[in-house]
Amino acid sequence: MASNENLPPNVIKQLAKELKSLDESPPDGIKVVVNDEDFSQICADIEGPVGTPYENGLFRMKLALSHDFPHSPPKGYFMTKIFHPNVASNGEICVNTLKKDWNPSLGLRHVLSVVRCLLIEPFPESALNEQAGKMLLENYDEYARHARLYTGIHAKPKPKFKTGAISESTTALNVGQTNNETPGAATAMPSSITDIKRVTTTSAQDQPHVAVAATAGSASVATTTQKREAGLAKVQADKKKVDARKKSLKRL
C-alpha cells in the first residue's frame with residue numbers, strides 16, 4: 001500500500017486504521033472514498049438528509065490534510081456544487097470543528113458527521129455564502145427552492161439498477177405460463193366483438209392474478225412508507241446530534 005510522503009508514518013498508520021473502520025462501519029448517510037496512494041486527500045460521498053432541501057442529492061466532499069496533521073485541522077471542501085450558507089463558492093466549508101475548535105483527538109468520523117449535520121442545520125450568522133445566508137434568514141422558502149435547484153442539477157446520484165424490474169418481468173412471464181401461453185409470445189389485439197368478449201371473459205377468469213398483483217403493489221407502498229418514516233426518524237436523530245454540538249458551532 002502506497003502512502004503520501006508528506007505524512008509521518010505514525011499518522012499514516014492511524015489514518016489507515018480509521019479509514020478501515022469507516023469502510024466497515026460507515027456513519028449514517030456517509031461513504032468514504034479511499035485513495036490508497038494518497039491519504040492526504042480523503043473524499044466522502046454524503047447523502048442529502050431527508051426533510052432538507054438537499055434530500056435525494058449525493059454530495060462529494062474532500063478533507064485536505066496538511067503535513068502537520070493532526071496538530072492542525074484539515075481543510076474541508078465540497079466538490080459538488082451546493083447552495084449553502086456555510087459553503088463558499090470555491091467549496092470551502094466553514095465549520096468551527098475545522099477551525100478554532102479543532103482537537104488532534106477528533107477523528108475523521110466526527111468531522112464527517114459534523115459536516116453532514118451542517119446540511120440539516122445551517123448557521124447563517126457565519127455565512128461564507130452571503131446570498132444563501134441572507135435568504136435563509138429572510139425567506140426560507142426561497143432559500144429552499146435555490147438549494148433544491150442546485151441539488152437537482154449538481155448532486156443527482158448515478159442511476160442504480162433496479163432489481164424490481166427483473167421481479168416484475170419474471171412475474172409476468174409466470175402468469176403467461178399459467179395460462180398455457182408460450183413464454184415471450186406477443187398477445188394479439190382483439191379484432192372483433194367476439195375477440196373482445198373472449199378477452200373480457202379470460203380477464204375475469206384471471207382475476208386471482210390481478211388480486212395478487214394488487215396485494216404486491218400494496219406491500220410495495222407499505223415498504224416505501226416505512227422507509228420514509230425511517231428516514232424521518234434518522235433526521236430527528238441527526239438533529240439531536242446537532243443540538244449537542246450547537247453551542248460550539250454557534251461560535252463560528
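Being a predicted model, the structure only gives us computed values, none of them experimental.
- Taking CG from Asn56 and OG1 from Thr151, the interatomic distance works out to 9.0 Å, rounded to the nearest 0.5 Å.
- Note that the CG atom of Leu136 and the CD atom of Glu125 stand 8.5 Å from one another [nearest 0.5 Å].
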Could you pull out all donor-acceptor pairs under 3.5 Å where a side-chain atom in residues 58-67 meets a protein atom, sequence neighbours excluded?
from: Arg60; atom 1: NE; to: Asp45; atom 2: OD1; distance (Å): 2.4
from: Arg60; atom 1: NH2; to: Asp45; atom 2: OD1; distance (Å): 3.3
from: Arg60; atom 1: NH2; to: Asp45; atom 2: OD2; distance (Å): 3.3
from: Ser66; atom 1: OG; to: Asp68; atom 2: OD1; distance (Å): 2.5
from: Ser66; atom 1: OG; to: Ser72; atom 2: OG; distance (Å): 2.7

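- Considering every non-hydrogen atom in both Pro124 and Leu137, the closest pair reads CG-CD2, 3.5 Å.
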Does the side chain to side chain contact (heavy atoms under 4.5 Å, CB included) test come out yes or no for Glu47 and Glu55, once each step is laid out? CA-CA 7 Å; Glu47 297 176 1; Glu55 182 177 355; over 6 Å; no
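- Judged by distance alone, the side chain of Thr52 and the main-chain N or O of Pro49 form a donor-acceptor pair under 3.5 Å.
- Taking all atoms of both residues into account, the shortest heavy-atom contact from Ala147 to Pro53 is CB-CB, 3.5 Å.
- Partners of Leu106 according to the side chain to side chain contact (heavy atoms under 4.5 Å, CB included) rule, which considers only residues two or more places apart in sequence or in another chain, are Thr97, Trp102, Asn103, His110.
- Not counting sequence neighbours, the partners of Ile30 by the side chain to side chain contact (heavy atoms under 4.5 Å, CB included) test are Pro27, Ala44, Ile46, Leu112, Arg116.
- With hydrophobic clusters built from ILVMFWY side chains whose heavy atoms lie under 4.5 angstrom apart, Val115 does not share a cluster with Leu128.
- No side-chain heavy atom of Val32 sits under 4.5 Å from any side-chain heavy atom of Leu108.
- Looking at every heavy atom in both residues, Ala132 comes nearest to Tyr143 through O-CD1, 3.9 Å.
- There is a path of hydrophobic side-chain contacts, each under 4.5 Å, that joins Met135 to Tyr140.
- With rounding to the nearest 0.5 angstrom, the NZ atom of Lys156 is 14.5 Å from the OG1 atom of Thr80.
- Residues Asn35 and Cys43 are not in side-chain contact: their nearest non-hydrogen atoms beyond the backbone lie 4.5 Å or more apart.
- Checked by atom type and distance alone, the side chain of Asn86 pairs as donor or acceptor with a backbone atom of Phe123 at under 3.5 Å.
- In this structure, Val111 is a member of the same hydrophobic cluster as Val34, with clusters built from ILVMFWY side-chain heavy atoms closer than 4.5 Å.
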Apply the test side chain to side chain contact (heavy atoms under 4.5 Å, CB included) to residues Leu19 and Phe39: give CA-CA distance (whole Å), side-chain angles for both, the deciding distance (0.1 Å), then the verdict. CA-CA 9 Å; Leu19 292 172; Phe39 283 174; 3.9 Å; yes
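- Cluster partners of Leu149, by chain and number: Ile153. The rule joins Ile, Leu, Val, Met, Phe, Trp and Tyr whenever side-chain heavy atoms lie under 4.5 Å apart.
- If you take CD on Glu130 and OG on Ser89, they are separated by 11.0 Å, rounding to the nearest 0.5 Å.
- Side-chain contact between Lys31 and Pro26 is absent, with no heavy-atom pair separated by less than 4.5 Å.
- Remark: Phe78 engages no residue in a ring pair (Phe, Tyr, Trp, His ring centres under 6.0 Å) (not counting sequence neighbours).
- When the side chain to side chain contact (heavy atoms under 4.5 Å, CB included) test is applied to Asp141, the partners found at least two apart in sequence or on another chain are Asn139.
- Across all their heavy atoms, Cys94 and Leu118 have their closest contact at O-CD2, 4.0 Å.
- The salt bridge (charged side-chain N to carboxylate O under 4.0 Å, His left out) pairs that include a residue from residues 69-96 are Glu92-Lys99, where partners are two or more places apart or lie in different chains.
- Residues passing the side chain to side chain donor-acceptor pair (under 3.5 Å) test with Glu142, sequence neighbours excluded: Arg145.
- With sequence neighbours left out, the salt bridge (Lys or Arg N to Asp or Glu O under 4.0 Å) criterion links Arg109 to no other residue.
- Hydrophobic clustering, with ILVMFWY side chains joined whenever heavy atoms are under 4.5 angstrom apart, keeps Tyr77 apart from Val87.
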Tyr54 and His84: side chain to side chain contact (heavy atoms under 4.5 Å, CB included), yes or no, with the steps? CA-CA 10 Å; Tyr54 311 104; His84 190 287; 3.3 Å; yes
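- With sequence neighbours left out, Glu18 forms a salt bridge (Lys or Arg N to Asp or Glu O under 4.0 Å) with no residue at all.
- Applying the ring pair (Phe, Tyr, Trp, His ring centres under 6.0 Å) rule to Tyr150 yields the partners Phe83, His154; only residues at least two apart in sequence or on another chain are considered.
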